[in-house]
Amino acid sequence: MAEQEKIAVTGASGLVGSELVPTLERNGYQVLCLVRREPRSEAEVRWDPAAGTIDAEGLRGVSGVIHLAGDNVASGRWTEAKKARIRDSRVRGTEILAAALAGLSPKPRVFVSASAIGFYGNRGDEVLDESASQGSGFLASVCGEWEAAATPARDAGIRVVHPRIGVVLAAEGGALAKMKVPFLLGVGGRVGDGSQYMSWITLEDLVSALLFALKCDELEGPVNFVSPTPVTNTDFTATLARVLKRPAVLPVPRFALRLAVGPEMADEMLIGGSRVAPASLHQHGFAWAHSSLEPALRSLL
């Protein structure tokens, strides 16, 4: 019997990681989780991005790495300390991991190092594929540094993929859980003027795309992990209201959002948006389980 392929995962306890790990195991992979505490089994390897340490020897023999770890951008106001945690957790963690992988022998064949569509900034209705330029703002700056931090792995000949992940829709947790509460209470509505685009992907499709990135040797560099049908916030809220059989009549004004979470976070995460196209996934033959919003929401809710 062939030896199981070993895949290392960071962020294994998060929304995406907790779905990814069992999916990898069902697909015949042996999973090694990177943890910040003392390892409790041979399936765990210690690392501490804040301290700059990693048990590189524990990664020996991995054929691929899926790197998802990073401080939650949506939890808490963007104070200067919070912004530093968001940046450092992504950039420093990726630098440490990329350097460790570059020093391994044999080296893993693929490093799937997460990024986000925040790379593009707020771009109105401009259609953005992977060739689009970097935008402006805090998140765009973080994403640019986050992707650049994987350079040591790329320079060592490892295939590096940067999934630029959109708004993740899941049955439990994530953005959808926060969005549906006001609608269930009958006080839901569009955000701002509702014209901003939401480039979304279901958790199921995101996990499938991560496995696709492991296997598809032609996939490299930035890859937009979004559905083929981004929608405006107005369309999203109308669809969510229809699925939940609730009204969508109370828009949340821009000034209220900026008061609630601070102007920078409100402008970048709630009022702004980007219309992102998954050109690379299309080109390489990825098949979405959920390519249209209403069937996706009905499936999740």
Side-chain angles (χ1 to χ4, degrees), residues 5-18 20-21 24 29-73 75 80-116 118-119 134 138-165 210 213-214 219-223 225:
E5 207 173 335
K6 191 185 293 183
I7 305 296
V9 176
T10 75
S13 62
L15 176 71
V16 181
S18 56
L20 173 67
V21 169
L24 284 167
Y29 294 101
Q30 181 184 348
V31 179
L32 201 61
C33 296
L34 276 77
V35 296
R36 290 175 171 82
R37 50 170 171 73
E38 279 301 314
R40 293 173 185 154
S41 73
E42 291 182 356
E44 295 181 341
V45 170
R46 178 81 185 268
W47 81 321
D48 186 343
T53 59
I54 187 168
D55 175 13
E57 190 60 33
L59 293 171
R60 194 171 299 283
V62 301
S63 62
V65 178
I66 299 179
H67 174 39
L68 302 171
D71 194 79
N72 188 339
V73 297
S75 68
E80 289 307 310
K82 172 67 173 177
K83 286 165 67 178
R85 284 197 304 275
I86 289 169
R87 187 185 298 273
D88 293 348
S89 65
R90 285 163 174 75
V91 177
R92 187 77 184 114
T94 305
E95 285 173 345
I96 293 159
L97 191 50
L101 299 181
L104 290 176
S105 181
K107 292 175 177 54
R109 54 181 180 76
V110 58
F111 179 32
V112 180
S113 185
S115 182
F119 176 90
Q134 184 175 354
F138 170 66
L139 291 178
S141 166
V142 168
C143 288
E145 289 184 48
W146 193 6
E147 293 179 16
T151 299
R154 189 180 294 106
D155 289 348
I158 299 167
R159 176 170 65 90
V160 176
V161 181
H162 293 295
R164 289 178 179 163
I165 300 170
L210 289 168
L214 280 182
L219 205 63
E220 196 161 3
V223 181
F225 274 35

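Just so you know, these numbers come straight off a predicted model, no measurement behind them.
S63 and I7 get closest at one heavy-atom pair: OG-CD1, 3.8 Å. Taking every heavy atom of both residues into account, L32 and G58 meet most closely at CD2-O, 3.4 Å. The shortest non-hydrogen separation linking A69 to R36 is CB-NH2, 4.3 Å. Nearest heavy-atom pair, G93 versus W47, reported as atom, atom and distance to 0.1 Å: O-CZ3, 3.5 Å. When all heavy atoms of L219 and A213 are compared, the closest pair comes out as CD2-CA, 3.8 Å. Residues A102 and P152 share a closest heavy-atom pair of CB-O, 3.6 Å.
A side-chain contact (heavy atoms from CB on, under 4.5 Å) with L34 is found for one member of L68, V65, L59 and no other, namely L59.
A search for side chain to side chain contact (heavy atoms under 4.5 Å, CB included) contacts involving A99 returns nothing, not counting sequence neighbours. Listed by chain and residue number, nothing satisfies the side chain to side chain donor-acceptor pair (under 3.5 Å) test with S113 (two or more places apart in sequence, or in another chain). Partners of R37 under the salt bridge (charged side-chain N to carboxylate O under 4.0 Å, His left out) rule, at least two apart in sequence or in another chain, are E44. The salt bridge (charged side-chain N to carboxylate O under 4.0 Å, His left out) check on R87 picks up E145, with sequence neighbours excluded. When the ring-ring contact (aromatic ring centres under 6.0 Å, His included) test is applied to F138, the partners found at least two apart in sequence or on another chain are W78. Every residue two or more places apart in sequence or in another chain that forms a side chain to side chain contact (heavy atoms under 4.5 Å, CB included) with D88 is listed here: A84. When the side chain to side chain donor-acceptor pair (under 3.5 Å) test is applied to H162, the partners found at least two apart in sequence or on another chain are R154. Remark: E80 engages no residue in a side chain to side chain donor-acceptor pair (under 3.5 Å) (not counting sequence neighbours). For the side chain to side chain donor-acceptor pair (under 3.5 Å) test, residues two or more places apart in sequence or in another chain that qualify with D71 are K82. By the salt bridge (charged side-chain N to carboxylate O under 4.0 Å, His left out) test, E220 is found to be paired with no residue, residues two or more places apart in sequence or in another chain being considered.
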Requested in this report: Please report the C-alpha distance between L139 and F119 in whole Å, then the side-chain angles of each, then the deciding distance to 0.1 Å, and finally whether the side chain to side chain contact (heavy atoms under 4.5 Å, CB included) criterion is met.
Outcome: CA-CA 6 Å; L139 291 178; F119 176 90; over 6 Å; no

Does W146 form a side chain to side chain contact (heavy atoms under 4.5 Å, CB included) with T94? I'd like the steps, not just the answer.
CA-CA 7 Å; W146 193 6; T94 305; 3.3 Å; yes

Item to complete: Evaluate the side chain to side chain contact (heavy atoms under 4.5 Å, CB included) criterion for residues L214 and V112: first the C-alpha distance (whole Å), next the side-chain angles of each, then the deciding distance (0.1 Å), finally the verdict.
Response: CA-CA 7 Å; L214 280 182; V112 180; 4.2 Å; yes

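Salt-bridge check for R90 with E147: failed, with every basic side-chain N at 4.0 Å or more from each acidic carboxylate O.
Judged as a salt bridge (charged side-chain N to carboxylate O under 4.0 Å, His left out), not a single pair has a partner in residues 6-17 (not counting sequence neighbours). Applying the salt bridge (charged side-chain N to carboxylate O under 4.0 Å, His left out) test to residues at least two apart or on different chains, the pairs with a partner in residues 49-62 are E57-R60.
Atom CG of L24 and atom CG of L210 lie 8.5 Å apart (nearest 0.5 Å). Atoms CG and CD1, from L101 and I158 in turn, are 5.0 Å apart once rounded to the nearest 0.5 Å.
Not one N or O on the side chain of R109 forms a donor-acceptor pair closer than 3.5 Å with the backbone of R159.
Using a 4.5 Å heavy-atom cutoff, the side chains of V21 and C33 are in contact. S115 has its side chain out of reach of I165: every pair of non-hydrogen atoms, C-beta onward, lies at least 4.5 Å apart. Looking at heavy atoms from C-beta onward, V35 lies out of side-chain contact with V45 at the 4.5 angstrom threshold.
Between F111 and H67, the angle of the ring planes stays under 30°, which puts this pair in the parallel group of the 30/60° scheme.
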